[in-house]
Enquirer: 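Sharing a structure, written as structure tokens. Questions coming.
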Amino acid sequence: GFRMLFEGATTEKKSRLYFADSKDLVTWTQTRAIEPSIPGPGVLIPKNNNTKNHLLLFGTGTIQMAISRDGEDWMLREAPVLAPRPGHFDSGELEVTNGWAVDQGILVLYHAKKLEGKMNRYSVGLAILEKENYDRVLWRSSQPIWVSNSTPWAEGIPVTPIGAVLFGGRIIGYWNV
């Protein structure tokens, strides 16, 4: 079967992360909310040869992490793995875009959001976390790898992030215009 992580709302209209399962990738059944309660948005990095645990990166403002050996029971890490850096391109509110377990560690693609006028400007950054000690940032981009400062953003059309994939050694970002 297949498992999907998605962001939904509780009866109190608060964001929360849930799992859904499918046998055919067409019909999905919501199975349960992640416990303890984890607010969205979030991305799941499955356990593989490069990491001994399933990792869940999530949060708005700072990027937090939850860890699971089995993908069912999750332990929240208290300290954020990434926080805004005053005076840098990513001094605004952070959100995770995606993450991957790679040979060098845990590659985290994130964006910083800053309100400019009536619209948010997004600056995209990268970080690599250590494989075994997820609190240790091995590297973090000093400059943004992309900024929403061109058309259509410059013409007053809102641009918002949707997601990204790592394909053939390249990161491909998807944005809603």
Side-chain angles (χ1 to χ4, degrees), residues 1-78 80-82 93-113 119-120 122 124-129 131-132 134 145-146 148 152-153 157-177:
F2 302 92
R3 175 162 278 179
M4 172 176 57
L5 174 71
F6 70 96
E7 182 180 7
T10 65
T11 54
E12 296 85 29
K13 298 195 188 301
K14 293 184 180 177
S15 173
R16 184 149 187 206
L17 293 176
Y18 296 86
F19 283 123
D21 293 330
S22 174
K23 292 181 179 154
D24 59 8
L25 290 175
V26 175
T27 305
W28 292 88
T29 304
Q30 179 178 323
T31 53
R32 66 181 186 87
I34 294 180
E35 295 293 343
S37 179
I38 295 176
V43 298
L44 179 65
I45 302 170
K47 180 179 2 181
N48 65 21
N49 293 338
N50 290 317
T51 179
K52 63 184 178 185
N53 296 302
H54 299 283
L55 307 175
L56 182 60
L57 299 170
F58 65 94
T60 298
T62 61
I63 298 174
Q64 305 286 124
M65 181 183 284
I67 299 170
S68 174
R69 291 196 185 279
D70 60 8
E72 297 293 328
D73 298 310
W74 294 87
M75 179 186 73
L76 295 175
R77 310 249 326 178
E78 286 195 29
V81 292
L82 294 174
E93 184 177 275
L94 302 186
E95 287 185 354
V96 64
T97 306
N98 210 337
W100 304 274
V102 296
D103 291 341
Q104 297 83 355
I106 308 303
L107 179 61
V108 180
L109 180 70
Y110 66 95
H111 54 270
K113 180 170 62 173
M119 294 188 345
N120 287 314
Y122 294 92
V124 178
L126 282 169
I128 299 175
L129 308 178
K131 283 185 208 183
E132 303 297 323
Y134 310 119
I145 63 169
W146 186 80
S148 63
W153 189 88
I157 300 169
V159 176
T160 55
I162 296 175
V165 295
L166 184 60
F167 182 75
R170 300 182 128 187
I171 296 172
I172 301 170
Y174 296 92
W175 294 77
N176 185 34
V177 178

Enquirer: What distance do I67 atom CD1 and Y134 atom OH have between them, rounded to the nearest 0.5 Å?
Expert: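 Reported to 0.5 Å precision, the distance equals 5.5 Å.
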
Enquirer: In sequence, state the C-alpha distance, the side-chain angles, and the governing distance for I106 and L55, and then conclude on side chain to side chain contact (heavy atoms under 4.5 Å, CB included).
Expert: CA-CA 9 Å; I106 308 303; L55 307 175; 3.7 Å; yes

Enquirer: Considering residues at least two apart in sequence or located in another chain, which fulfil the side chain to side chain contact (heavy atoms under 4.5 Å, CB included) criterion with V43?
Expert: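 Counting only residues at least two positions away or on another chain, V43 forms a side chain to side chain contact (heavy atoms under 4.5 Å, CB included) with L57, V96, N98.
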
Enquirer: Closer than 3.5 angstrom, by distance alone: can the side chain of R16 be matched with the main-chain N or O of I34 as a donor-acceptor pair?
Expert: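 Side chain of R16 to backbone of I34, a donor-acceptor pair under 3.5 Å: yes, one is there.
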
Enquirer: CH2/W28 to CZ/F6 distance, rounded to the nearest 0.5 angstrom?
Expert: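 If we round to the nearest 0.5 Å, W28:CH2 and F6:CZ are 10.0 Å apart.
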
Enquirer: Identify all side-chain donor-acceptor contacts of residues 18-25 below 3.5 Å with residues at least two apart in sequence or on another chain.
Expert:
from, atom 1, to, atom 2, distance (Å)
D21, OD1, R3, NE, 2.9
D21, OD1, R3, NH2, 3.4
D21, OD2, R3, NH2, 3.2
S22, OG, D24, N, 3.1
S22, OG, D24, OD1, 3.2
S22, OG, L25, N, 2.8
S22, OG, T27, O, 2.8
D24, OD1, V26, N, 2.8
D24, OD1, T27, N, 2.9

Enquirer: Give, for atom NZ of K131 and atom CD of Q104, the distance between the pair rounded to the nearest 0.5 Å.
Expert: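 Between atom NZ of K131 and atom CD of Q104 there are 8.0 Å.
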
Enquirer: Do N48 and W100 have side-chain heavy atoms sitting under 4.5 Å apart?
Expert: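 N48 vs W100: side chains apart.
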
Enquirer: Is any side-chain heavy atom of E95 closer than 4.5 Å to a side-chain heavy atom of I63?
Expert: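 Sidechains of I63 and E95: no contact.
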
Enquirer: Just how far is it from atom CZ of F58 to atom CG of L5, taken to the nearest 0.5 Å?
Expert: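 Those atoms lie 11.0 Å apart.
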
Enquirer: For a quick test of reading the model, state the closest non-hydrogen atom pair linking A127 to Y110 and the distance between them.
Expert: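 Of all heavy-atom pairs spanning A127 and Y110, the closest is N-CE2, 4.2 Å.
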
Enquirer: When rounded to the nearest 0.5 angstrom, what is the spacing between NE2 in H54 and CG in D73?
Expert: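 Here the rounded value is 11.0 Å.
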
Enquirer: What heavy-atom pair brings Q64 and P80 nearest, and what distance separates the two atoms?
Expert: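 Where Q64 meets P80 most closely, the heavy atoms are OE1-CB, 3.1 Å.
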
Enquirer: Checking side-chain polar atoms at under 3.5 Å, does T51 have a donor or acceptor matched by the opposite partner on N53?
Expert: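 Side-chain D/A pair, T51 to N53: absent.
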
Enquirer: Roughly how far, to the nearest 0.5 Å, is the CG atom of L129 from the CG atom of L82?
Expert: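 Going from CG on L82 over to CG on L129, the span is 6.0 Å.
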
Enquirer: Do any N or O atoms from the side chain of H111 and from the backbone of V124 form a donor-acceptor pair under 3.5 angstrom?
Expert: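 Absent.
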
Enquirer: Test side chain to side chain contact (heavy atoms under 4.5 Å, CB included) on I145 and L109 and set out the steps.
Expert: CA-CA 10 Å; I145 63 169; L109 180 70; 3.8 Å; yes

Enquirer: Please name the pair of heavy atoms, one in L76 and one in A66, separated by the smallest distance, quoted to 0.1 Å.
Expert: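 Smallest heavy-atom distance, with atoms named: CD2-CB, 3.8 Å.
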
Enquirer: Is the side chain of K52 donor-acceptor paired with the backbone N or O of E132 at a distance under 3.5 Å, no angle test?
Expert: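 Not a single qualifying donor-acceptor pair exists.
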
Enquirer: In the structure I gave you, are the side-chain heavy atoms of V81 and V108 within less than 4.5 Å of one another anywhere?
Expert: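 No. Closest side-chain heavy atoms not under 4.5 Å.
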
Enquirer: Do other residues, nucleotides or ligands put more than 12 heavy atoms under 6.0 Å from the CZ atom of R32?
Expert: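 Yes, because the 6.0 Å sphere around CZ of R32 holds more than 12 heavy atoms from other groups.
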
Enquirer: Quick check: closest heavy atoms across G173 and A164, and the distance to 0.1 Å?
Expert: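 Closest approach of G173 to A164: CA-CB, 4.1 Å.
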
